[in-house]
Amino acid sequence: MWLEPADLPAGYAHTIVSISWGAKRDDATWFSAEPSAILGIQALPLGPVSLEYLAGDPARVAENVADAGDTAFTGPLGDYVQAYSALGSPDAASAAATAFAARTTFDDGWSKSLALAWVAAVQARSG
């Protein structure tokens, strides 16, 4: 899986693989070089089913978000990265809920109500 790759080549400096073609592994997208876009596009689509395949390893979620850097939540697709980050820990889920409640702009495919519903589903899943 792109968010939990195995057997990365020596010297590969990232926690995810966003482009995998044959033997090529890269940390990029065709539309943006921003780390938030690179991680955010891999997390899509966010919905009930994705809770099953994205939430397998909370430590890995936190590691992937940390690898996206300081602008993980504010760059392109940053709202999706923040939603993905909620899978990392109960504290991250609470932080995402607080941030989404205060946020006034979202990606065109996302909204405040969807973001808050996502975090509520993450929190309900983790008990």
Side-chain angles (χ1 to χ4, degrees):
M1 179 176 220
W2 289 270
L3 294 172
E4 297 178 10
D7 303 320
L8 290 173
Y12 189 82
H14 301 281
T15 61
I16 68 170
V17 172
S18 54
I19 297 175
S20 182
W21 292 349
K24 178 184 178 174
R25 300 258 167 46
D26 204 355
D27 185 60
T29 70
W30 60 269
F31 60 90
S32 176
E34 293 292 325
S36 61
I38 294 166
L39 178 54
I41 197 68
Q42 296 303 320
L44 292 176
L46 291 174
V49 172
S50 55
L51 282 171
E52 292 304 314
Y53 62 84
L54 290 177
D57 185 350
R60 183 60 180 231
V61 170
E63 185 180 4
N64 290 342
V65 171
D67 190 50
D70 294 338
T71 60
F73 303 151
T74 58
L77 303 179
D79 38 359
Y80 297 107
V81 175
Q82 190 148 40
Y84 171 70
S85 76
L87 298 167
S89 70
D91 288 342
S94 293
T98 300
F100 288 147
R103 187 184 282 240
T104 58
T105 60
F106 289 84
D107 181 78
D108 290 343
W110 198 235
S111 68
K112 182 178 281 202
S113 59
L114 283 171
L116 291 171
W118 166 263
V119 174
V122 169
Q123 291 171 320
R125 183 181 188 276
S126 62

Could you check if a side-chain atom of [X] sits within less than 4.5 angstrom of a side-chain atom of [Y], using non-hydrogen atoms only?
{"X": "Trp110", "Y": "Leu77", "result": "no"}
{"X": "Leu114", "Y": "Leu46", "result": "no"}
{"X": "Tyr80", "Y": "Leu39", "result": "no"}

Gap separating the [atom1] atom of [X] from the [atom2] atom of [Y], nearest 0.5 angstrom:
{"X": "Glu34", "Y": "Ile41", "atom1": "CD", "atom2": "CD1", "answer": "14.0 Å"}
{"X": "Phe100", "Y": "Ser113", "atom1": "CZ", "atom2": "OG", "answer": "11.5 Å"}
{"X": "Leu87", "Y": "Arg125", "atom1": "CG", "atom2": "CZ", "answer": "7.5 Å"}

Any donor-acceptor pair under 3.5 Å linking the side chain of Asp79 with the backbone of Phe106? no

Is there a donor-acceptor pair closer than 3.5 Å between any side-chain N or O of Lys112 and the backbone N or O of Ala101? yes

Intermediate values then yes/no, side-chain contact (heavy atoms from CB on, under 4.5 Å), Ser50 and Tyr84: CA-CA 10 Å; Ser50 55; Tyr84 171 70; over 6 Å; no

Which atom pair, heavy atoms only, marks the closest approach of [X] to [Y]?
{"X": "Trp118", "Y": "Ala86", "answer": "NE1-CB, 4.4 Å"}
{"X": "Ser85", "Y": "Phe73", "answer": "OG-CZ, 3.7 Å"}
{"X": "Gly88", "Y": "Pro58", "answer": "O-CB, 3.3 Å"}
{"X": "Ala95", "Y": "Gln82", "answer": "O-NE2, 4.4 Å"}
{"X": "Ser36", "Y": "Val81", "answer": "O-CG2, 3.3 Å"}
{"X": "Val61", "Y": "Leu54", "answer": "CG2-O, 3.7 Å"}

